[in-house]
Amino acid sequence: MIRGNIALERAERFETPYEISKNKLMEAAQKALDKLERDIPKWENNFALDYSINFKYPQGINNHWECGMHTGLYWLAYEMSGNKKFRNVAEKHMPTYRERFDKKVELNDHDVGFVYIPSCIAAYKITGEEKYRQLALDVADYYYHAGYSKKGGFILRDWDCEDMVGACRTMMDTLMNAPFLFWAGIESGKQEYIDAALSQNRTTEKYLIRKDGSSYHHYQFDVETHKPLYGLTWQGASNESCWSRGHAWGVYGFPIAYGYSKEEYLINLHRDVTYYMLNKLPEDFIPHWDYIYAGSNEQPRDSSAGAISVCGMREMCRHLSDDEPQKKIFESASAKMLEAIIDNCTGDIGKEYDGLIYHVTHALPQGLGIDECAIYGDYFYLEALMRFINPTWKGYW
Ligand code: GLY
């Protein structure tokens, strides 16, 4: 399919260079760090479960896809501040990742990268300790062998699952897991991991990204042949709509894949999915939970989709030369979107909330975490702040 032909609507919103003031960024970061430090006793031996209930995070063990981002928050906070208390929490979490892998606790789906990239790869990048590198490589090898369908060219939604129809799908979310295989391929020299990550991106481009730059959340493949069948959704409003967080995984996942592969098609593809997202943004720059509701005043927002998209645009800007027209658009749009989250999702709401940001919607069709906080929203918000404060920050993905 020809890519790179989605026009930016209301371009005047993003054409003029825009910056968040240094003071505002530093204050937002300090506020986030203060809150994380204050809550250390609650989380040093625990994990926050996915999304808040009445703005409180339930406590649990390391058995969800979001756990990696809870540990990643502390690695990020440590890198941002140099405060060893944050590093201590991350290091206290780390043995649970070995245990989780040894017992294969909830590691039978596409989201294994979410668990091990911001925890284990981050730990290795920061400490240089071989045990973290080895663990990440062991898990990546398992992920490749258990999860990758060579004949289909995609990572399965899950395996060990009785319902093979549910298993034999791939998803937008998986784009943020594919970097696990890129990283492991480079570290180990195993080209098959890299080929799998490349295929995951190509398959997503081919079947999940529509002509207008929007995305299906899931794509169904035939159980026997792994041939493509049809697009559908899980967390979106309908099969033909565009779930905003799923789409955000593309706004961030494609630039990461470009960083590893330098495959040119990813540049135009990324511009299309990002312009689609920008065209759907409301006047306050906080995405609705599904882009089908652009223009609605009633539908909940998903600030996590905003934070992830900010990280994605900033990541792509690293790879674009100054004469690529979308670079200036991404710089100004990402600043406006991050500022909107600071202004509208971190203030006083008259009660305590556990997260760093609110107005996150986890899974509306399932009735879960609607207009609440979520640990991955916190993580990508802090990562977005990090990317603005320290543009040379190397990243974990
Ligand atoms: N599995 C990733 C998400 O729900 O966004």
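Just follow the structure's listing: the first ligand is 1, and inside any ligand the first atom is 1. Just so it is clear, the values below take in all heavy atoms, side chains as well, and ignore hydrogens, waters and symmetry mates.
With respect to C242, the side chain to side chain contact (heavy atoms under 4.5 Å, CB included) criterion is satisfied by exactly one of H247, K280, H217, M277: H247.
When the options I308, N177, D173 are ranked by their closest heavy atom to atom 1 (N) of ligand 1, first place goes to D173.
In this structure, W243 has a heavy atom closer than 4.0 Å to ligand 1. Residue contact annotation: Y376 has no non-hydrogen atom under 4.0 Å from ligand 1. The shortest separation from a heavy atom of M176 to ligand 1 is not under 4.0 Å, leaving the residue out of contact.
Of the N and O atoms on the side chains of H93 and T71, at least one donor lies less than 3.5 Å from an acceptor on the other residue. For the residue pair R100/T96, the side-chain donor-acceptor check at 3.5 Å is not satisfied. Side-chain contact of Y148 with S199: a donor-acceptor pair under 3.5 Å is present, judged by distance alone. For the residue pair E315 and H319, a side-chain donor N or O sits within less than 3.5 Å of a side-chain acceptor on the partner.
In terms of polar-atom proximity, defined here as any N/O pair under 3.5 Å, D111 does make such a contact with ligand 1. On a distance-only criterion, H362 and ligand 1 share no N/O pair closer than 3.5 Å.
With respect to atom 5 (O) of ligand 1, the closest heavy atom belonging to the protein is R245 NE, 2.8 Å.
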* Asked: Passes salt bridge (charged side-chain N to carboxylate O under 4.0 Å, His left out), R133 versus E129? Steps please.
  -> CA-CA 7 Å; R133 176 180 171 276; E129 284 195 47; over 6 Å; no
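Atoms of ligand 1 lying under 4.0 Å from any heavy atom of W249, numbered from 1 in the order shown and given with element: 2 (C), 3 (C), 5 (O).
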